[in-house]
**Student:** 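Starting off with a structure, shown below.
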Amino acid sequence: MARLGILLFLVQIVLAVCALISCLSAEEGQIRALPRIAWVLIILFFPLIGSIAWFIVGRESTPGARKGWPGGISSPERQRPRPVAPDDDPEFLRSVQDRAKQQDQELFRRWEEDLRRREDDLRRRDGEPPREGDRPEV
């Protein structure tokens, strides 16, 4: 009988910890009926009943289904779209690609100029005049 009591006590503790984590990590729009602090206190002071109540009554069954308090007006910051992460923003990715392309073109242009200068220096050293007409324009 003592083993069953210990097992039920451990189940109660695990359920309370899960409910507490769920309550603390839920967004404001996912919490129903009471404020978050009230749910935390209920779960802490009445672990078994508070945890069961949280999972049945306190949270939304589907994330993001409702915004704000029941019957209340949602906050203005909820109505604004969330900022997009830079790696998900197509405009930012396009600007990064454009910048990289410009840097590559500039680097290629400098390499070409350096190569032409070196070729001209070699031709002058060998006594040949530099050939301007043979070079392709970039």
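In this text the structure is predicted, and so the values were computed from the model without any measurement.
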**Student:** Hey, what else clusters with Trp111 if you join Ile, Leu, Val, Met, Phe, Trp, Tyr whenever side-chain heavy atoms sit under 4.5 Å?
**Tutor:**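 Leu107, which link up through side-chain heavy atoms under 4.5 Å apart, make up the rest of the cluster.
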**Student:** Consider only side-chain heavy atoms of I, L, V, M, F, W and Y, link residues closer than 4.5 Å, and tell whether Phe46 and Leu41 are in one cluster.
**Tutor:**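 Per the 4.5 Å side-chain linkage, Phe46 and Leu41 are co-clustered.
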**Student:** Among all residues two or more places apart in sequence or in another chain, which pass the side-chain hydrogen bond (donor to acceptor under 3.5 Å, both in side chains) test with Arg99?
**Tutor:**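 With neighbours one apart ignored, the set is empty.
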**Student:** Any side-chain heavy atom of Asp121 within less than 4.5 Å of one from Arg125?
**Tutor:**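 They are not in side-chain contact.
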**Student:** Membership question, hydrophobic clusters at under 4.5 Å side-chain separation (ILVMFWY): are Trp54 and Leu44 in the same one?
**Tutor:** yes
**Student:** With the 4.5 Å side-chain cut-off for hydrophobic clustering, are Ile6 and Val14 part of the same group?
**Tutor:** no
**Student:** Go through the steps for Arg36 and Cys23 under the test side chain to side chain contact (heavy atoms under 4.5 Å, CB included), then give the verdict.
**Tutor:** CA-CA 7 Å; Arg36 181 187 317 263; Cys23 180; 4.0 Å; yes
**Student:** With heavy-atom distances below 4.5 Å as the criterion, would you say the side chains of Leu15 and Ile52 are in contact?
**Tutor:**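 Sidechains of Ile52 and Leu15: in contact.
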**Student:** Between Ser51 and Pro47, is there a donor-acceptor pair closer than 3.5 Å when you use the side chain of the first and the backbone of the second?
**Tutor:** yes
**Student:** State yes or no: do Leu10 and Ile43 share one hydrophobic cluster built from I, L, V, M, F, W and Y residues joined by side-chain heavy-atom distances below 4.5 Å, directly or via other members?
**Tutor:**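 Different clusters: Leu10 never reaches Ile43 through Ile, Leu, Val, Met, Phe, Trp or Tyr contacts under 4.5 Å.
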**Student:** Could you give the distance from CD (Glu113) to CZ (Phe108), rounded to the nearest 0.5 Å?
**Tutor:**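 So the gap between those two atoms works out to 11.5 Å.
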**Student:** Hey, are Asp104 and Lys101 close enough for a salt bridge, meaning a charged N less than 4.0 Å from a carboxylate O?
**Tutor:**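 Result for this pair is no, no salt bridge flagged.
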**Student:** Could you pull out all residues at least two apart from Glu106 that satisfy side-chain contact (heavy atoms from CB on, under 4.5 Å)?
**Tutor:** Arg109, Arg110
**Student:** Does the side chain of Asp120 reach to within under 4.5 Å of the side chain of Arg123, using non-hydrogen atoms?
**Tutor:**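 When only atoms from C-beta onward are counted, Arg123 and Asp120 do touch, with a gap below 4.5 Å.
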**Student:** Which atom pair, heavy atoms only, marks the closest approach of Ile42 to Gly50?
**Tutor:** CG2-CA, 3.6 Å
**Student:** Membership question, hydrophobic clusters at under 4.5 Å side-chain separation (ILVMFWY): are Ile49 and Ile37 in the same one?
**Tutor:** no
**Student:** Return the set of residues passing side-chain hydrogen bond (donor to acceptor under 3.5 Å, both in side chains) with Trp39 (not counting sequence neighbours), or none when no residue passes.
**Tutor:**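 Trp39 satisfies side-chain hydrogen bond (donor to acceptor under 3.5 Å, both in side chains) with no other residue.
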**Student:** Hydrophobic side-chain clustering at under 4.5 Å (ILVMFWY, transitive links): who's grouped with Val17? Put none if nobody.
**Tutor:**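 Reading the cluster by chain and number, Val17 sits alongside Phe9, Ile13, Ile21.
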**Student:** Who passes side-chain hydrogen bond (donor to acceptor under 3.5 Å, both in side chains) against Asp114, sequence neighbours left out?
**Tutor:**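 So Asp114 forms a side-chain hydrogen bond (donor to acceptor under 3.5 Å, both in side chains) with Arg117, Arg118.
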